[in-house]
Amino acid sequence: MRHALGQPLRPRFYARDTQRVARDLLGCVVETRVRGVPTAGRIVEVEAYVGPHDPAAHGYGWRKTARNAWLFGPPGTCYVYFIYGNHWCVNVVTERDGYPSAVLLRALEPLAGLDVMKRRRRTGDPRLWCSGPGRLCEALGITGRFNGESLAGPRIRVLRPARRQPVRMAVGPRIGITRAVDWPLRFYVRGSPWLSRQDRTA
DNA sequence: GGTAGGATAAGCT
DNA sequence: GCTTATCCTACCA
């Protein structure tokens, strides 16, 4: 039962319009294996960073640096960056090789390795394990060493469950940005208790 | 219940 | 110097 949680998404899943990829990622499962220790969670919240014309995206104006280089990588790659001197954030790279677009993972519903998440996050409250981009990286053991890895690789993969639950999706503005603040590029599962902030529209 | 401020570092001007 | 795709604690209500 190697893939009890589902089958890995193929590269062509990611090689599409970034907003479509973002929507379709809701309900899929992220699984990591760090030093043999597995953890997994269902994606309930994402944000799209749609390309060089997106003022809030790291690849705005085609500006490529050592830090964001993997944002320009092939679809289905991990782009991981360090922010605010404290936190890692993980993205899935989309569209075509050389084009800077990606989907930021913002919140997961914990599914497997719950004891490990509890230890890594240093809190017994499951709501605080994966409800935010920095939190979910800590819970799943994702660090800069994952930058540039394939999302179908041995250490991190994204799976489509055999029986994917129907998702009631909501859309809103992205969080924590100062430019393009009204672009509705945050997609999340309406009413989910695992979001990075409470859904008041549910 | 809510919010203000600090931690902490890379990248930019 | 200043900003940043964040999180946590302290404090006030």
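Below, each value reflects all heavy atoms present in this structure, side chains not excepted, and no hydrogens, waters or symmetry copies. Residue numbers start from 1 in every chain, and the chains themselves are labelled A, B, ... in the order their sequence lines are given, proteins ahead of strands.
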Test item: A:T143 and A:C137 side chains (from C-beta on) under 4.5 Å apart, heavy atoms: no
Minimum-distance nucleotide (side-chain atoms of A:T178 versus C:dT4, B:dA9, C:dA5): C:dT4
Sorted by number, the residues of residues 55-73 of chain A with heavy-atom contact under 4.0 Å to DNA chain C: A:A56, A:H58
C:dT6 phosphate, OP1 or OP2, under 4.0 Å from A:R106 side-chain N/O: yes
Polar pair under 3.5 Å, donor/acceptor by atom type, side chain A:Y84, base B:dA9: no
Electrostatic pair A:R106:A:E47 at N-O distance under 4.0 angstrom: yes
Rounded distance (Å) that lies between atom C1' of C:dC7 and atom CH2 of A:W129: 18 Å
N-O pairing of A:E138 and A:R122 below 4.0 Å: yes
NZ/NE/NH1/NH2 to OD/OE distance under 4.0 Å, A:R16 and A:D24: yes
Euclidean distance, atom CG of residue A:L136 to atom C1' of C:dA5 [Å, nearest integer]: 12 Å
Is_stacked (A:F82, B:dA10) at 5.5 Å, 30 deg: no
4.5 Å side-chain heavy-atom contact, A:R135 and A:L128: yes
Between C1' of B:dA10 and CH2 of A:W88, the distance in whole Å: 10 Å
Aromatic ring proximity A:W88/A:F82, centre distance under 6.0 Å: yes
For A:V44 against A:L195, the heavy-atom pair lying closest together: O-CD2, 3.5 Å
Gap between atoms OH and P, on A:Y81 and C:dT3 respectively (whole Å): 18 Å
Base versus backbone protein contacts along nucleotides 8-13 of chain C [heavy-atom cut-off under 4.0 Å; B, S, -]: S-----
Contact summary for A:W194 and A:L108, nearest pair of heavy atoms: CB-O, 3.6 Å
Spacing of A:L195 atom CG relative to C:dC7 atom P, expressed in whole Å: 13 Å
Distance-only donor-acceptor test, A:N86 side-chain atoms vs B:dT8 base atoms, 3.5 Å: yes
Nearest-angstrom distance from the residue atom CD1 of A:I83 to P of C:dT4: 9 Å
Sidechain N-carboxylate O distance under 4.0 Å for A:D17, A:R23: no
Sugar-phosphate, base or nothing in reach of A:I177, heavy atoms under 4.0 Å: sugar-phosphate
Secondary structure string for DNA chain B (Watson-Crick or G-U under 3.5 angstrom, | for other-strand pairs): |||||||.||||.
Closest non-hydrogen atom pair, A:G176 against A:Y84: O-OH, 4.4 Å
Lys/Arg cation over aromatic A:Y188: A:R168, 6.0 Å, 45° cone: no
A:R197 CZ - C:dC7 C1' separation (whole Å): 12 Å
Atom pair distance, as rounded to whole Å: CZ in A:R174 and C1' in C:dT6: 16 Å
Heavy-atom pair of closest approach, residues A:Y81 and A:L104: OH-CD1, 4.2 Å
